[in-house]
Amino acid sequence: MHWFGRVLCGKPKIFFTEKSQKFVQDVLGVEPQHLGLKLEAFVISKLEFILMEKNVSGKIKMNYTNYEHAIVEHHGIELTKWPLPGGVKNPSKVGGRAQVKALLDALESKSCKWVSLSEEDLVKRMKDNRARQARREQVYVPRKARARVSQPKSKATVGTDDESSSSSDSDSDSDSDSDSDSDSE
């Protein structure tokens, strides 16, 4: 069987002889392009394979704080068999050297790994998360409120000579001060 595969522009391109294409279709029961995708995904990693199957493009930033919402519910994937108590969290916050080693060992042995959730598992997980949140477990962490920065108002008038500009400046400065005082009340 002769075949040749390579990646161009992020998508695998695979070329088969006529006989090897027939073998892949008839004996393996897979379309040749799917075999190319699966081979490429195997080389890349399990997580990227799952994301590719779900047509997720681009990089996903891990969100430990809102893992359930931002990762599990949004992308339909989960990190199974987390070896440490307290659920998935940033490795820098798991504890000491022993806990980090336990996590690393679990990831390397693939006992802790990424899996894709079925549609029904995802729906069940979302319902469970909402029920836990209703029982006052902190499943969904609210985003931090942004600090409100008050901007000075623009000048009401622009003078043509220095005298009128300076009087406008002092007028708008005093207006800003009184406005900011009223905002803080």
Self-check item: Over all atoms of both residues, closest heavy-atom pair of L122 and V72
Solution: CD1-O, 3.5 Å
Exercise. Kindly compute the distance separating SG (C112) from CG (L107), expressed to the nearest 0.5 Å.
Key: 4.5 Å
Quiz item: What closest approach, in Å, do K113 and K110 show between heavy atoms, and which atom pair accounts for it?
Solution: CD-O, 3.5 Å
Exercise. Assess whether salt bridge (Lys or Arg N to Asp or Glu O under 4.0 Å) is satisfied between D121 and R125, documenting all intermediate values.
Key: CA-CA 6 Å; D121 287 341; R125 179 76 163 256; over 6 Å; no
Quiz item: More than 12 foreign heavy atoms under 6.0 Å from CD of E120: is that the case here?
Solution: no
Quiz item: Considering only heavy atoms from C-beta outward, does the side chain of L103 approach that of P91 to under 4.5 Å?
Solution: yes
Quiz item: Measuring from L104:CG to Q99:CD, what's the distance to the nearest 0.5 Å?
Solution: 13.5 Å
Self-check item: Least distance between heavy atoms, L84 atom then A102 atom
Solution: CD2-CB, 4.2 Å
Quiz item: For the residue pair Y140 and M126, what are the closest heavy atoms and their distance?
Solution: OH-O, 4.2 Å
Practice problem: Check the surroundings of atom NZ in K81: do more than 12 heavy atoms from other residues, nucleotides or ligands lie under 6.0 Å from it? | Solution: no
Quiz prompt | Taking every non-hydrogen atom, the tightest pair across Q138 and Q133 | solution = C-OE1, 3.9 Å
Quiz prompt | Within one Ile-Leu-Val-Met-Phe-Trp-Tyr cluster: I50 and M62, side-chain cutoff 4.5 Å | solution = yes
Self-check item: Within 6.0 angstrom of R136 CZ, more than 12 heavy atoms from elsewhere
Solution: no
Quiz item: Which value, rounded to the nearest 0.5 Å, describes the distance between L117 atom CG and K54 atom NZ?
Solution: 6.5 Å
Exercise. Could you tell me whether the side chain of L51 reaches within less than 4.5 Å of the side chain of I77, counting heavy atoms only?
Key: yes
Quiz prompt | NZ/NE/NH1/NH2 to OD/OE distance under 4.0 Å, E73 and R130 | solution = yes
Quiz item: In terms of side-chain geometry, is the basic nitrogen of D128 or R132 positioned less than 4.0 Å from the acidic oxygen of its partner?
Solution: no
Quiz item: Going from CG on N63 to CD on E68, what distance comes out if it is rounded to the nearest 0.5 angstrom?
Solution: 11.0 Å
Quiz item: How far apart are the closest heavy atoms of A70 and H74, and which atoms are they?
Solution: O-CB, 3.3 Å
Quiz item: Considering only heavy atoms from C-beta outward, does the side chain of E78 approach that of I71 to under 4.5 Å?
Solution: no
Practice problem: Flag yes if more than 12 heavy atoms outside H69 fall under 6.0 Å of its NE2 atom; otherwise flag no. | Solution: no
Quiz prompt | Residue pair Y67 / N90, side-chain heavy-atom distance below 4.5 Å | solution = no
Practice problem: Give the intermediate values and the outcome of side chain to side chain contact (heavy atoms under 4.5 Å, CB included) for residues T17 and F23. | Solution: CA-CA 10 Å; T17 63; F23 172 83; over 6 Å; no
Quiz item: If only atom types and distance count, is the side chain of W114 paired as donor or acceptor with the main-chain N or O of L79 below 3.5 Å?
Solution: no
